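Below is one structure; the comments refer to it alone.
Because the structure is a prediction, the values reported are computed rather than measured. In what follows, every chain begins at residue 1, and chains take the letters A, B, ... in the order their sequences are listed.
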Amino acid sequence: MTNFIEGIKAVLKAEEEARRIIEEAKRQAEAIRKDAEAFKVDVSKEIEEAKEKVAREVEEKARSEVKAIEEDLEAKILKLRSSASMNMERAVEELLKLVLPRAEGG
Amino acid sequence: MSTSDPSKIIEKILNDARSEAERIVSHARAEAEARRMEARKRADAEVEAAVSKFRRVKEEEARRIVVEAKVKAKERWLKEREELIAQAIEKVKEKLAEVTKSPSYVKVLESLIEEAAVAIGGGDLIVEVNERDSKLNLDLEGVAKAVSSKTGVNTKIELSKAKPRCMGGAVVSSKDGRFIYDNTFESRLERLSSTMRLTASKILFARPSY
């Protein structure tokens, strides 16, 4: 009889523990839900950051294209000067022929 | 399960409670995750909409910058060409100044006078040369003969007392003043400017082009 009563007490205690476990789980679930509700994306900040990133990328690309144009220009100017330097004497002679009625210049 | 073994009953009660607790928490987690994902998705869409417009504006700005750089480059390249052509023409002027000091210049000047006289069509003509050239021993009679021969018009050429300020060459006019032909070097350079620039460009820049 004593064992039976002890057994009943233990079962009741276990049921109490089970209720506590479930209550604890419900509290945890509520905390998780509240946490999720509190989850907010700072859209303004993300937009600002994304814009900064886009601006950096686009500006970098433009800078690189402008640099390439300038380098290309410098190379072409060097070629232009080199070609003019090589051909200057001949050009002057030909121009002189145009200005003078006969090629008697020089 | 035997009611005489409470430990098994207790174990089952606790196991069931744990399982239920796990189900409750898992369900809450899944709901929370879905809520977060939804919020993330909405935010991403909002960010994308704002940024895509911004990107278009920035890309347009960048295109303008690149186009401006190309235009500037083209202008600088053309300016460089212009300067080199101008250098060549400047050298031609220096050479012309040398020509005026050379012995062959008399023949050059006579040719210039002849060319102008023929262009006028011969006749009674007056020729103006600068102070220095007026002291040269010009064969104006010989020139007049050549002009007569070329135009079929009897031609006489007199040296004017007027002395134009010029590098060289001559201004020839009909005696009645109806026709004037400016064949000074300055005038020739001016008349031939386009041709000279084109010729200089062809010769100087035989290699690269923009």
Side-chain touch B:F185/A:L100, heavy atoms, less than 4.5 angstrom
yes
Say you draw a straight line from CZ of A:F39 to CD of B:E38; how long is it, rounded to the nearest 0.5 Å?
11.5 Å
Side chains of B:L204 and A:R81: closer than 4.5 Å at any heavy-atom pair?
no
For chain B, the option from A:V11, A:D42, A:D35 that forms the most heavy-atom pairs under 4.5 Å
A:V11
In short, A:A10 meets B:I10 closest at the heavy-atom pair CB-CD1, 3.3 Å
Looking at A:D72 and B:K70, is any side-chain nitrogen of the basic one under 4.0 Å from a carboxylate oxygen of the acidic one?
no
What's the spacing between A:I32 CD1 and B:R29 CZ if we round to 0.5 Å?
4.5 Å
Highest number of heavy-atom pairs under 4.5 Å with chain A: which of B:E11, B:E46, B:R18, B:Q87?
B:E46
A:K13, A:E15, A:E16 screened by side chain to side chain contact (heavy atoms under 4.5 Å, CB included) with B:I13, the one that passes
A:E15
Applying a strict 4.5 Å limit to non-hydrogen atoms, the region of B:E115 in contact with chain A is side chain
Nearest-0.5 Å distance, NZ of residue A:K61 to CD1 of residue B:I65
12.0 Å
Residue part contacting chain A, namely of B:R188, when any heavy atom lies under 4.5 Å:
side chain
Counting neighbours of CD on B:E83 that are heavy atoms of other residues, nucleotides or ligands and sit closer than 6.0 Å, is the number greater than 12?
yes
Which donor-acceptor pairs under 3.5 Å do side chains of residues 193-202 of chain B form with protein atoms, sequence neighbours excluded?
from: B:R197; atom 1: NH1; to: B:E82; atom 2: OE1; distance (Å): 3.0
from: B:R197; atom 1: NH2; to: B:E82; atom 2: OE1; distance (Å): 2.8
from: B:R197; atom 1: NH2; to: B:E82; atom 2: OE2; distance (Å): 2.7
from: B:T199; atom 1: OG1; to: B:T195; atom 2: O; distance (Å): 2.7
from: B:S201; atom 1: OG; to: B:R81; atom 2: NH2; distance (Å): 2.6

What closest approach, in Å, do B:A69 and A:I69 show between heavy atoms, and which atom pair accounts for it?
O-CG2, 3.9 Å
How long is the span from the CD1 atom in B:I203 to the CD atom in A:E93, to the nearest 0.5 Å?
10.0 Å
Would you indicate whether A:E89, at its atom CD, is surrounded by more than 12 heavy atoms from other residues, nucleotides or ligands within a distance under 6.0 Å?
no
Can you tell if the side chain of B:R55 reaches within under 4.5 Å of the side chain of A:E57, non-hydrogen atoms only?
yes
Can you see which heavy atom on A:P101 is nearest to which on B:V108, and at what distance?
CG-O, 3.8 Å
Looking at A:A36, is its backbone amide N or carbonyl O close enough to the side chain of B:R35 to form a donor-acceptor pair, meaning the two atoms are under 3.5 Å apart?
no
Just verifying a value: how many Å separate B:K93 NZ and A:L96 CG, rounded to the nearest 0.5 Å?
13.0 Å
Below 4.5 Å from any heavy atom of chain A, which atoms of B:L192 appear? Answer side chain, backbone, both or neither.
side chain
For A:V58 against B:K58, the heavy-atom pair lying closest together:
CG1-O, 3.5 Å
Selection from B:A88, B:S26, B:G168 maximising heavy-atom pairs under 4.5 Å formed with chain A:
B:A88
With a 4.5 angstrom heavy-atom cut-off, is it the side chain or the backbone of B:E59 that approaches chain A, or both, or neither?
both
Looking at B:E22, I want to see if its CD is surrounded by more than 12 non-hydrogen atoms of other residues, nucleotides or ligands under 6.0 Å.
no
Please state whether the side chain, the backbone, both or neither of B:D44 comes within less than 4.5 Å of a heavy atom of chain A.
side chain
Which atom pair, heavy atoms only, marks the closest approach of A:A18 to B:L14?
N-CD2, 4.1 Å
Any heavy-atom pair between the side chains of B:H27 and A:R33 that's under 4.5 Å?
yes
Least distance between heavy atoms, A:A84 atom then B:F205 atom:
CB-CE2, 4.0 Å
In this structure, are over 12 heavy atoms from other groups packed under 6.0 Å from B:K145 atom NZ?
no
Honestly, the part of A:E46 sitting under 4.5 Å from a heavy atom of chain B is both
By a 4.5 Å heavy-atom criterion (distance strictly below it), what part of B:R40 contacts chain A: side chain, backbone, both, or neither?
both
When heavy-atom pairs shorter than 4.5 Å are enumerated against chain B, which of A:V66, A:V99, A:I8 gives the highest number?
A:V99
Please walk me through it: do A:E74 and B:R76 pass side-chain contact (heavy atoms from CB on, under 4.5 Å)?
CA-CA 10 Å; A:E74 291 307 325; B:R76 166 125 188 262; 2.7 Å; yes
From CD (A:E48) to CZ (B:F54), nearest 0.5 Å
8.0 Å
Within a 6.0 Å radius of atom CD on B:E190, are there more than 12 heavy atoms belonging to other residues, nucleotides or ligands?
no
